[in-house]
Amino acid sequence: MAIDGSSAILEPAHHGALPGGTWRWLTTTNHKDIGTLYLCFAAVMFLTGGLMAMTIRAELFQPGLQFVQPELFNQLTTLHGLIMIFGVIMPTFTGFANWQIPLMIGAPDMAFPRMNNWSFWLLPVAAALLIGSMFLPGGAVAGGWTLYPPLSIQGGISYDMTIFALHIMGASSIMGAINIITTILNMRAPGMTPMRMPMFVWTWLITAFLLIAVMPVLAGTITMLLTDRNFGTHFFSAAGGGDPVMFQHLFWFFGHPEVYILILPAFGIVSTVIPTFARKPLFGYRSMVYATASIAILSFIVWGHHMFTVGMPVAAQLFFMYATMLIAVPTGVKVFNWVATMWRGSLTFETAMLFAVAFVCLFTIGGFSGLVLAMVPVDTQLQDTYYVVAHFHYVLVTGALFAIYAGLYYWLPKWTGHRVDENWGRWHFWLSAVSVNVLFFPMHFLGLAGMPRRIPDYALQFADFNRIASIGGFVFGASQILLLIVIVKCVRGGEPAGNCPYEGAVGLEWTLSSPPPYHSFATPPELE
Amino acid sequence: MSLPPKGYYLPAPSHWPIVGSIALFLLALGATLAIHNLAGGGFLLGAGAATLAAMLFGWFGKVIGESVGGLHDAQVEASFRWGMAWFIFSEVMFFAAFFGALFYGRVVAVPDLALGDSRLLWPGYAGGWPSAGPGLKAVFTPMAAWGLPAVNTLVLLSSGATVTWAHWGLKLGRPWQLELGLTLTVLLGMSFIALQASEYAEAYHHMGLTLGAGIYGATFFMLTGFHGLHVTLGTLMLITILGRARVGHFTPERHFAFEAVSWYWHFVDVVWLLLFVFVYWL
């Protein structure tokens, strides 16, 4: 349902007297302010999780124990995972959604501006609890981000604090998703029918649905963990008729849609960036929408592929194997469409486009290694090896993160009013793109050779590839300082961006000034 | 209804969300400490609950004021409708996790413990439902469906009928029917909670049925407990809209808050029917 054309937004009576300073950011109800908050929070978390990754790679630089004890190493891998997923990728995408969706659909703001504020300000609270748990007796959670029992039932007080932190993050995600889905369903400009929505809006609509469907399942599951730990229930203990494997089923029923929550908005960004710099409309828009929906639906019936080795009937293994392979079909449609969009386009390679093209190549590598892992007999060999680590870092770093970079370079001019420094950007891209492969590609070989994940020490034959990966890791980590420089330079000044700095860009957001006015579309725009 | 709405209402900056964040921080920290019997846990829990209550009163009070002040146009109301519908969907998925645990425990985990290699570990365990598992000393009587639970089913189903009757009263412009219907619904909701409390007391004191009674006790109390919590919440929501109905906040055309609460109440009703069938009866 779209708004009737006559309506203008209703401003609060004391508009013009907005609070300043810190209080402005604590109380803001503006989608752009909140989008900025999400992005800044994610940047701080990226630094935190990144330093943990650097410590992990330093420890793994050579065999033996150098810098951290095994207990701390396990805490670092656990927190690195939780922080990067819940503190970096998800908040960044939500920040993009906050900034872009109202601009793209011609809305004055998000549907629930106050709840939008709450969704954001729950995140620092949860992060404080999660990271603060490192300083509790016994240290932080060390059982991996998946929190499998029985290990997670035996741990100390930090496990309870982490469970509450995850509850709060879940509440934040659910409220954020309800806000986004309502905004998309109810706030579109007149004439913007579903099949005219920008691809980024479509991917977020489906992502928001996934969030609302599975975050409550995670909440329920970790609540059972909490009662098993503290209140004498036996959900996950065989002695009481429960089953630790049940936790894995419940967790991955959440967990698999969750990994698509981490990638669908990335698809949306890449589907926005590539047409601009190919100066052609997105190839196969309609099939892109259907492919996204198919991926989302399939994500609910593939969770078993995370637990092939835990013991399940052969029929179940076959079902999950084939269902998982089926996902390659809509994903292949997407990759084909991106390539077809570039085909015979007049391409230019601004930094945003470089990251988008790198996404298409490197995400596809991650997708293919996922297909390899989908095969039960292969997975039996590779479960919990570095091959799995290589796989999900290709889809999450060169996939989700590179798409985020593409989106940042693409939209920063709109948000700041200044063009991005392409020279620094190119350095950032090439250093990142080369080093990230040096970092993660050797992990495939390590995994195939049998190196298990989540250990601080390893056998001598793994030393060479680990050293190469660590060098790649340090260069990749250092290269991100260039991104920080680019962002700071862009915020502080630069060549004016005008309404639209790109000749090939289409969409409502480019009809507004850069940066856009405080309330994006005070009157709904008319679509021809 | 003083001002005709001029467009989508965008609220001014608000301090209530940050108050809510502080409340949840205090609650989470307090609960962590209280679980481990550490100093300050209870105090922080109390402070968090008080802060949360203040936030709910303040925030909802503000929204009600805006609604009565005529700031919400049809599009804002549509947003509220979507928002409430998706919130209820998230609640459905929350209960789905516990129903999943019930079905998994009953159909997979418990039978498996009486088969194959498990027999070496737990010789003599027969499986079968209800069960507290092979390794516990717990002896308990399962809760029978056709006593109190059946009465509670009747109570809750009647409350679904009374809230709909109240809605008809509201739509037909009969304030007495609206208020009587809501009052009856509140009373039925309270009776349900009281009966459920007595059932819990019975379970704990006479039947050996506790949270610790294996997978049966765990799923029983988790499902009925979270449902009871939702009935309590729903009853508080009903009391709120009863108060608002009495001061005339609702018109036959515009009464989103009433509809939202009645949706929520029907959702709680449906969850109970599933509970009755799968937890108590079958």
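The shown structure was predicted, so the numbers you read here are calculated from the model rather than taken from an experiment. Labels below follow one simple rule: chain letters A, B, ... track the order of the sequence lines, proteins then strands, and each chain is numbered from 1.
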For the rings on [X] and [Y], is their centre-to-centre separation under 6.0 Å?
{"X": "B/Trp272", "Y": "B/Tyr280", "result": "yes"}
{"X": "B/Phe87", "Y": "B/Phe267", "result": "no"}
{"X": "B/Phe80", "Y": "B/His72", "result": "yes"}

Calculate, to the nearest 0.5 Å, the distance between atoms [atom1] and [atom2] belonging to [X] and [Y] respectively.
{"X": "B/Arg81", "Y": "A/Thr182", "atom1": "CZ", "atom2": "OG1", "result": "12.5 Å"}
{"X": "A/Met110", "Y": "A/Met115", "atom1": "CE", "atom2": "CE", "result": "8.5 Å"}
{"X": "A/Trp204", "Y": "A/Ile261", "atom1": "CH2", "atom2": "CD1", "result": "8.0 Å"}

Most heavy-atom pairs under 4.5 angstrom with chain B, which of [options]?
{"options": "A/Ala219, A/Gly232, A/Ala213, A/Ala177", "answer": "A/Ala213"}
{"options": "A/Leu136, A/Thr183, A/Leu211, A/Thr223", "answer": "A/Thr223"}
{"options": "A/Val125, A/Asp33, A/Thr227", "answer": "A/Val125"}
{"options": "A/Gly240, A/Gly132, A/Pro124", "answer": "A/Gly240"}
{"options": "A/Met246, A/Met175, A/His234, A/Arg114", "answer": "A/Arg114"}
{"options": "A/Asp228, A/Leu226, A/Leu129", "answer": "A/Leu129"}

Parallel, tilted or perpendicular: which fits the ring planes of [X] and [Y], with parallel below 30° and perpendicular above 60°?
{"X": "A/Tyr38", "Y": "A/Phe120", "value": "perpendicular"}
{"X": "B/Trp86", "Y": "A/Phe209", "value": "perpendicular"}
{"X": "A/Phe247", "Y": "A/Phe236", "value": "perpendicular"}
{"X": "B/Phe98", "Y": "B/Phe226", "value": "parallel"}
{"X": "A/Phe254", "Y": "A/Phe251", "value": "perpendicular"}

Looking at chain A, which one of [options] has the largest number of heavy-atom pairs inside 4.5 Å, strictly under?
{"options": "B/Gly100, B/Gly105, B/Ala138, B/Ala132", "answer": "B/Ala132"}
{"options": "B/Gly135, B/Ala85, B/Pro17", "answer": "B/Pro17"}
{"options": "B/Ala96, B/Ser14, B/Ala213, B/Gly214", "answer": "B/Ser14"}
{"options": "B/Tyr216, B/Phe221, B/Trp59, B/Phe25", "answer": "B/Trp59"}
{"options": "B/Gly20, B/Ser131, B/Gly217, B/Ser118", "answer": "B/Gly20"}
{"options": "B/Thr210, B/Val110, B/Ile35", "answer": "B/Ile35"}

Residue part contacting chain B, namely of [X], when any heavy atom lies under 4.5 Å:
{"X": "A/Met215", "result": "neither"}
{"X": "A/Ile168", "result": "side chain"}
{"X": "A/Ile181", "result": "side chain"}
{"X": "A/His249", "result": "side chain"}
{"X": "A/Asn117", "result": "both"}
{"X": "A/Leu250", "result": "side chain"}

With sequence neighbours left out, the residues meeting side chain to side chain donor-acceptor pair (under 3.5 Å) with B/Thr224 are B/Tyr200
Residues of residues 157-166 of chain A under 4.5 Å from chain B (heavy atom pairs)? A/Ile157, A/Asp160, A/Met161, A/Phe164
Is B/Glu66 in contact with chain A via its backbone, its side chain, both, or neither, using a 4.5 Å heavy-atom distance? side chain
Any side-chain heavy atom of A/Gln248 within less than 4.5 Å of one from A/Val310? yes
Check A/Phe235 against B/Thr219 and note the closest heavy-atom contact, atom names and distance. CE2-CG2, 3.7 Å
Is it the case that over 12 heavy atoms from other parts of the model lie below 6.0 angstrom from the OH atom of B/Tyr204? yes
